[in-house]
Amino acid sequence: DAGVTQSPTHLIKTRGQQVTLRCSPKSGHDTVSWYQQALGQGPQFIFQYYEEEERQRGNFPDRFSGHQFPNYSSELNVNALLLGDSALYLCASRYPLDSGGSDTQYFGPGTRLTVL
Amino acid sequence: AQRVTQPEKLLSVFKGAPVELKCNYSYSGSPELFWYVQYSRQRLQLLLRHISRESIKGFTADLNKGETSFHLKKPFAQEEDSAMYYCALTPLVDSSYKLIFGSGTRLLVRP
C-alpha cells in the first residue's frame with residue numbers, strides 16, 4: 001500500500017486561472033480531508049469529504065471546492081487563483097469511524113502550488 | 001475560538017540534552033491533542049496522541065487541562081529527532097475529526 005498519494009507534485013499557475021489537485025486515499029480509508037499549508041505555517045483545514053459529500057468546511061471562500069468519487073478518491077478545485085493561494089496542499093485520509101479501525105489521519109506528500 | 005499556539009519557531013539543542021516543545025491550546029470543550037512530526041523530505045505523520053498516553057521514540061506529552069498545555073518532552077535528544085513538530089487538536093463535538101494545527105516548531109539537534 002503506497003499510502004495516501006497526491007498529484008501533481010508541483011504546479012505553477014497564474015492569477016485568475018483554475019486548478020485541480022487530486023488525492024487517492026490509503027487503502028481501506030473512506031474519508032478525505034484537505035489542508036492548506038502556507039509557508040511557515042501549520043496546515044489549515046479546508047474541508048472534508050465522506051460518502052461523496054462535503055461534511056465539514058473550514059474558513060475558506062467558495063472558490064475552493066471539492067469532489068469525492070465512488071472509489072473514495074478526491075479532487076480539490078480552486079477557481080480565480082490569487083497570489084495568496086500559493087501553498088502546499090495536503091490530503092489526509094482515515095478509516096470509517098464505525099469500522100473499528102484507527103481514527104488516525106494519514107497524510108499525503110502534498111502538492112506545491114505556486115501562483116504567479 | 002479553537003486555537004493552537006506553539007511559541008517557538010526554532011528550538012536548538014545539543015545531542016543528549018533534554019527537549020521540551022511547548023504547545024498551548026484554546027478550546028472551550030474537551031479536545032483530543034496530538035503531536036505530528038515531519039522529518040526532512042518525508043510526509044507529515046502522527047507522533048503521539050494524548051489519549052494513548054504512550055511514549056514514542058522516547059517522546060512523551062502530558063495534557064494539562066488547567067494550563068491548557070500539551071508540551072512534548074524527551075529527556076535526551078538525538079540527532080535523528082531533528083524535524084518539524086506540529087501540535088494539533090481535534091474538537092470532539094463533531095465527527096469530522098478535523099485537525100487544528102499550530103504553526104510548528106523546528107527542532108534542531110546538534111552533534
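Each chain gets a letter, A, B and so on, in the order its sequence line appears, and its residues count up from 1. Keep in mind it's a predicted model, so treat the numbers as computed, not measured.
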Problem - Choice from B/Phe34, B/Phe101, B/Tyr86, B/Tyr36 maximising heavy atom contacts with chain A below 4.5 Å - result: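 Top count of heavy-atom pairs under 4.5 Å with chain A: B/Phe101.
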Practice task
Taking only Lys NZ, Arg NE, NH1 and NH2, and the carboxylate oxygens of Asp or Glu, determine whether A/Arg63 and A/Asp85 approach each other closer than 4.0 Å.
Solution key: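 Result for this pair is yes, salt bridge flagged.
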Exercise for the section: Let me know if A/Phe47 has heavy atoms under 4.5 Å from chain B in its side chain, its backbone, both or neither. Expected result: neither
Problem - Option passing side chain to side chain contact (heavy atoms under 4.5 Å, CB included) with B/Leu33 (candidates B/Leu63, B/Thr68, B/Leu48, B/Thr90) - result: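 Of the listed residues B/Leu63, B/Thr68, B/Leu48, B/Thr90, the side chain to side chain contact (heavy atoms under 4.5 Å, CB included) partner of B/Leu33 is B/Leu63.
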Practice task
Could you tell me whether A/Arg55 sits above the aromatic face of A/Tyr50, with NZ or CZ closer than 6.0 angstrom to the six-membered ring centre and within 45 degrees of the axis?
Solution key: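 Because its charged atom sits under 6.0 Å from the ring centre and within 45° of the axis, A/Arg55 does stack over A/Tyr50.
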Problem - Under 4.5 Å from a heavy atom of chain A, the part of B/Gln2 involved - result: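 Answer is neither: B/Gln2 stays 4.5 Å or more from chain A.
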Problem - Residue among A/Ser33, A/Gly108, A/Gly110 with most heavy-atom pairs under 4.5 Å to chain B - result: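 Greatest number of close heavy-atom pairs with chain B: A/Gly108.
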Problem - Engaged part of B/Leu99 at the chain A interface, taking heavy atoms whose separation is under 4.5 Å - result: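 Contact with chain A is through both the backbone and side chain of B/Leu99.
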Practice task
Determine, for B/Asp81 against B/Lys57, whether the closest basic-nitrogen to carboxylate-oxygen distance falls under 4.0 angstrom.
Solution key: no
Problem - Under 4.5 Å from a heavy atom of chain B, the part of A/Gln44 involved - result: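 No part of it gets close to chain B.
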Handout entry: Within 45° cone of A/Phe107 ring axis and under 6.0 Å: B/Arg43 NZ or CZ
Key =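 That pair does not qualify as a cation-pi contact.
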